[in-house]
Amino acid sequence: MKKILKMALFLGVTSLYAQQGGMWIPSLLEGMNAKEMKTLGMKMSVADIYNVNKSSLKDAAPHFNGGCSSEIISDKGLLLTNHHCGYGQIQAHSSLQNDYLTHGFWAKNLSEELPNKNLKVTFIVRIDDVTKQVLAGTQQITDETQKAKLIEQNIAQAIKTAPKEAWQENSVKAFYDGNQYILFVTETFKDVRLVGAPPSSIGKFGSDTDNWVWPRHTGDFSLFRVYADKNNRPAEYSKDNVPYKPKHFFPISIKGVKEGDFVMVFGYPGTTQEYLPSVAVEQIVNTINPARIGIRDVALKVQDGFMRKDNSIKIKYASKYARTANYWKKWIGETKGLKKSDAVSLKKQQEIKFQQNIEKANKQAEYGNLLPEFNQLYKEFEPYNLAYNLYSELMYRTVDFLSNGVRILQMQQVLDKKGEQAFADRKKNMLSVFESVFKDNVKQVDKEVFEKIIVFYAEQMPKNLLVASLQNFDAKQLADKLYANSFLTSYEGIEKVLALSPAEFKEQLKNDIGVQFAAQLMDMNDTKVYPNYTRISTQIHALQRTYMKAILEFSKPSDRIFPDANSTLRVTYGKVAGFSPADGVDYAATTTLDGVMEKYVPGDYEFDVPQKLRELYAKKDYGRYGQNGKMPLCFISTCHTTGGNSGSPAIDANGNLIGINFDRVWEGTMSDIHYDPKLCRNIMMDMRYFLFIVDKYAGAGYLLNEMKIVK
Ligand code: ARG
Ligand code: GLU
């Protein structure tokens with residue numbers, strides 16, 4: 001009896017974590033995935049998720065502006081995504097008088113909805129495997145460049161010949177590092193209007209402090225509407241356009257979620273690297289992540305110091321700080337998680353097994369050298385990889401002075417390579433870039449960031465790839481000299497130089513100490529670093545493709561080899577589940593509005609709570625959205641997500657919308673490289689909180705009339 005119990009317990013524990021992780025192609029779920037999803041509790045069939053002959057869930061899950069995910073929630077094209085995905089649009093419509101970021105925005109009818117320039121939403125019409133066609137004739141070619149050329153031609157041919165309607169687009173993407181190619185037929189809508197957004201104190205509650213953090217209390221959503229022409233087809237903005245009638249939209253469930261429930265997330269994950277050899281993961285853990293964390297650390301500390309002392313600096317630097325902090329924090333979590341889950345040793349064990357498989361299959365000639373070659377190449381790659389990462393952080397990310405230098409040098413290249421007309425054409429665009437740079441720039445802050453960061457940079461760079469002027473220098477003197485004498489520190493200075501005649505422009509650049517400093521760094525990168533970086537990367541990619549081919553060859557479906565994320569539509573499924581990130585710490589799977597009040601700091605820029613929300617909380621006025629006297633807010637699950645999955649629908653066993661994905665837990669951010677079901681969780685906002693905010697908080701209950709709410 002005891003034995004059976006133990007056995008059952010063992011099976012129970014493993015099955016909680018088995019069958020999870022992975023981002024799967026929606027058109028290929030039949031078989032292993034379908035079985036797993038059923039075991040996990042799904043009541044739909046996989047044909048309900050993806051179907052070309054009748055409407056299916058995929059018709060309600062468009063790509064939002066190429067970077068985020070979203071879902072359609074009414075038959076009038078109402079679209080839901082994250083607040084942080086619609087942030088740019090909300091900001092663009094905001095002014096001092098109408099500050100929608102601070103106070104929120106709610107269109108009371110169609111005529112109040114706000115059109116957006118350069119916003120598009122893309123639906124998947126069809127997904128076809130075109131591997132045979134794309135790889136035709138490439139097997140005989142050994143030269144990588146020639147091979148790539150033929151693949152490119154074959155892809156162009158596939159795009160040209162695949163049947164589609166006039167208003168649709170074809171595109172082809174590589175999967176499994178180029179072992180599979182898939183064609184997508186899509187429809188892209190360009191008239192997408194802003195319908196609603198909560199105030200940032202709800203949509204961004206917790207801001208950077210809570211970013212990547214569980215337990216979480218952010219109402220991270222915004223509402224848009226997709227418009228079409230009279231034939232329900234994509235069209236540029238026109239006041240004559242009408243709300244898009246989707247083939248499918250998600251009913252919203254208010255039944256509630258609990259530990260153990262099936263959940264599926266359907267969206268557009270950007271990039272993962274799940275099949276790296278151990279040597280590559282070691283390099284990330286020991287060299288690359290510490291360098292990029294370290295360099296951002298310096299910038300963030302300086303900026304934070306100023307932001308705390310000066311409110312106007314805080315406003316100017318808030319968005320820049322958040323951008324830098326987002327991945328800085330992610331990489332710290334990722335490094336910790338890779339160590340905690342022993343990713344490198346696990347990979348090493350897999351590699352021993354891999355080597356054995358090669359011998360068993362008698363494939364030494366084809367695959368026997370892969371791992372030694374990886375070791376060799378990554379070793380050669382390391383200094384260039386480090387140098388290129390440091391250079392990118394320094395020149396493009398953290399110091400405006402240097403990014404400005406890069407931009408000015410690019411203008412010179414335009415002049416030299418494309419001529420005066422191209423130079424003149426580019427100028428206007430460039431000036432508007434500089435305008436937005438200086439809108440959020442404080443010279444003193446930028447200078448101090450430079451002074452600190454350049455020391456870190458010089459220390460970390462491989463000595464043979466470091467410019468001569470930084471081999472031995474005084475950072476304070478250098479900063480003083482550059483910031484006092486270069487035109488790169490002000491908009492007016494740059495504007496004046498760009499207004500010069502081409503000859504004077506070039507002369508001015510030659511004489512400017514700042515431009516010349518940036519030019520030195522750029523030159524070192526362009527001659528010594530980048531060419532080697534790309535040369536070895538190309539070799540590594542070719543090797544990775546063969547490695548992936550071998551992994552696929554030696555695997556069974558039960559090994560669950562899914563293709564790395566590549567910004568295409570994927571399905572990930574799992575269970576609502578809490579987790580234990582550290583000894584003595586147990587996290588529940590759900591949060592409620594109580595947590596907002598626990599975190600509330602009056603007047604704080606991250607943790608303030610709007611008065612109306614405090615009143616609703618005090619009265620426990622949750623309507624039909626509350627549960628046992630509490631207002632549910634967020635929940636986590638074992639779904640395997642990454643950047644790009646923001647805004648993805650979280651769907652229950654029957655295909656109803658229960659949440660909207662917006663983040664991952666910090667302890668599990670290594671899932672981009674190694675998914676560990678014990679530690680990796682995605683964070684979603686409960687749809688009941690969405691309805692509560694729209695209905696009770698914003699008084700925009702009229703929007704609910706077009707939604708389908710199910711219990
Ligand atoms: N960590 C989430 C995602 O990558 C949310 C980012 C936006 N929020 C923020 N506080 N920066 O990318
Ligand atoms: N916030 C991320 C995004 O913008 C999603 C979080 C993640 O990386 O999983 O896509």
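Residue numbers run from 1 in the order of the sequence given.
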Which is it for W24 and V46 under the side chain to side chain contact (heavy atoms under 4.5 Å, CB included) test, yes or no, and what are the steps along the way? CA-CA 12 Å; W24 307 93; V46 294; over 6 Å; no
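- Under a cut-off of 6.0 angstrom, the local environment of NZ in K190 is sparse, with at most 12 non-hydrogen atoms contributed by other residues, nucleotides or ligands.
- E553 has a carboxylate O that lies under 4.0 Å from a charged side-chain N of K363, or vice versa, which qualifies the two as a salt bridge.
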Assess the residue pair M707 and L704 against the criterion (side chain to side chain contact (heavy atoms under 4.5 Å, CB included)); give the C-alpha distance rounded to whole Å, side-chain angles, the decisive distance to 0.1 Å, and a yes or no. CA-CA 5 Å; M707 300 175 202; L704 271 59; 4.1 Å; yes
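- A donor and an acceptor atom, one from each side chain of E334 and T669, are nowhere located under 3.5 Å apart.
- Taking each heavy atom of G655 and P251 in turn, the nearest pair found is O-CD, 4.1 Å.
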Steps toward ring-ring contact (aromatic ring centres under 6.0 Å, His included) verdict (F354, Y547): CA-CA 10 Å; F354 178 77; Y547 187 45; 5.1 Å; yes
Using the rule given for ring-ring contact (aromatic ring centres under 6.0 Å, His included), can you reason through F266 versus F250, listing the C-alpha separation, both sets of side-chain angles and the distance that settles it, and then say yes or no? CA-CA 12 Å; F266 202 16; F250 286 105; 7.6 Å; no
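- Under the 4.5 Å side-chain criterion, counting only non-hydrogen atoms from C-beta, E351 is not in contact with F374.
- Inter-residue side-chain proximity for S648 and M684 is flagged as unmet; no heavy-atom pair is nearer than 4.5 Å.
- By the salt bridge (Lys or Arg N to Asp or Glu O under 4.0 Å) test, E187 is found to be paired with no residue, residues two or more places apart in sequence or in another chain being considered.
- Without hydrogens or angle criteria, N211 side chain to N326 main chain gives no donor-acceptor distance under 3.5 Å.
- Between the side chains of Q180 and D129, at least one donor N or O lies within less than 3.5 Å of an accepting N or O.
- Going from atom CZ of F184 over to atom CD of E169 covers 13.0 Å, rounded to the nearest 0.5 Å.
- With D342 contributing its side chain and L346 its backbone, the two residues share no donor-acceptor pair below 3.5 Å.
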What's the verdict on side chain to side chain contact (heavy atoms under 4.5 Å, CB included) for S27 and R126, showing C-alpha distance, side-chain angles and the deciding distance? CA-CA 9 Å; S27 54; R126 209 174 69 235; over 6 Å; no
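- One finds the CD1 atom of I252 at 4.0 Å from the CE atom of M687 (value rounded to the nearest 0.5 Å).
- The closest side-chain donor-acceptor pair between Y625 and D686, if any, does not fall under 3.5 angstrom.
- For K164, the NZ atom counts as densely surrounded, since its 6.0 Å shell holds more than 12 non-hydrogen atoms of other residues, nucleotides or ligands.
- With N369 contributing its side chain and E373 its backbone, the two residues share no donor-acceptor pair below 3.5 Å.
- Listed for the K329 side chain is no donor-acceptor partner under 3.5 Å among the backbone atoms of W212.
- For E30, the CD atom is loosely surrounded, since the number of other residues' heavy atoms within 6.0 Å does not exceed 12.
- Counting heavy atoms from C-beta on, the side chains of K330 and R664 come closer than 4.5 Å.
- Atoms CD1 and CG, from I551 and D559 in turn, are 10.5 Å apart once rounded to the nearest 0.5 Å.
- Looking at D191, its side chain never comes within 3.5 Å of a backbone N or O of A228 through a donor-acceptor pair.
- In this structure, R681 contributes its side chain and G668 its backbone to no donor-acceptor pair below 3.5 Å.
- Closest approach of N241 to E236, counting heavy atoms only: ND2-O, 2.9 Å.
- Here the CD atom belonging to Q349 is positioned 11.0 Å from the OG atom belonging to S278, to the nearest 0.5 angstrom.
- Taking CD1 of I561 as the reference point, atom OH of Y176 lies at 7.5 Å (rounded to 0.5 Å).
- Looking only at distances, a side-chain donor or acceptor of N82 sits under 3.5 Å from a matching main-chain atom of D220.
- Of the possible polar contacts, none joining the K549 side chain to the N179 backbone as a donor-acceptor pair under 3.5 Å is found.
- Each of N566, I124, T642 was compared with Y268 under the side chain to side chain contact (heavy atoms under 4.5 Å, CB included) criterion, and only I124 meets it.
- With a 4.5 Å cut-off on side-chain heavy atoms, D75 and K245 count as touching.
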Begin with the C-alpha distance, continue with both residues' side-chain angles, and end with the deciding distance and a verdict on side chain to side chain donor-acceptor pair (under 3.5 Å) for T81 and S70. CA-CA 5 Å; T81 187; S70 57; 5.3 Å; no
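- Across every non-hydrogen atom of S222 and A197, the tightest pair is CB-CB, 4.4 Å.
- Atom CG of D143 sits in a crowded spot, with more than 12 heavy atoms from other residues, nucleotides or ligands closer than 6.0 Å.
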Evaluate side chain to side chain donor-acceptor pair (under 3.5 Å) for N661 paired with N682, printing each intermediate quantity in order. CA-CA 7 Å; N661 184 78; N682 67 310; 3.0 Å; yes
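- Under the 4.5 Å side-chain criterion, counting only non-hydrogen atoms from C-beta, T271 is not in contact with D564.
- Scanning both residues, K258 and V576, for their nearest heavy atoms gives O-CB, 3.4 Å.
- Residues L223 and L80 are in side-chain contact: their nearest non-hydrogen atoms beyond the backbone lie under 4.5 Å apart.
- Counting heavy atoms of neighbouring residues, nucleotides and ligands inside a 6.0 Å radius, atom NZ of K708 does not exceed 12 of them.
- A donor-acceptor distance shorter than 3.5 angstrom exists from the side chain of R570 to the backbone of P563, with no hydrogens or angles considered.
- Under the 3.5 Å distance criterion, the side-chain polar atoms of R225 are matched with a main-chain donor or acceptor of K76.
- Rounding to the nearest 0.5 Å places CD1 of I660 at 9.0 Å from OG of S69.
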Audit row: T591, W214, side chain to side chain contact (heavy atoms under 4.5 Å, CB included) steps and yes/no: CA-CA 9 Å; T591 60; W214 184 256; 3.5 Å; yes
Please walk me through it: do F123 and F189 pass ring-ring contact (aromatic ring centres under 6.0 Å, His included)? CA-CA 8 Å; F123 291 83; F189 290 79; 5.6 Å; yes
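- You'll find the side chain of M264 reaches within 4.5 Å of the side chain of L57, heavy atoms only.
- L338 places none of its side-chain heavy atoms less than 4.5 Å from the side chain of V344.
- The pair D652-K255 fails the salt-bridge criterion, with no side-chain N (NZ, NE, NH1 or NH2) lying under 4.0 Å from an Asp/Glu carboxylate O.
- Remark: E144 CD is packed, more than 12 non-hydrogen atoms of other residues, nucleotides or ligands lying under 6.0 Å away.
- Residues Y237 and R193 share a closest heavy-atom pair of CE1-NH2, 3.3 Å.
- Using a 4.0 Å cut-off between a side-chain N of Lys or Arg and a carboxylate O of Asp or Glu, K54 and D48 qualify as a salt bridge.
- Residues Y675 and E274 bring no donor and acceptor atom of their side chains to less than 3.5 Å of each other.
- Here the closest non-hydrogen pair linking D229 and P234 is OD2-O, 4.2 Å.
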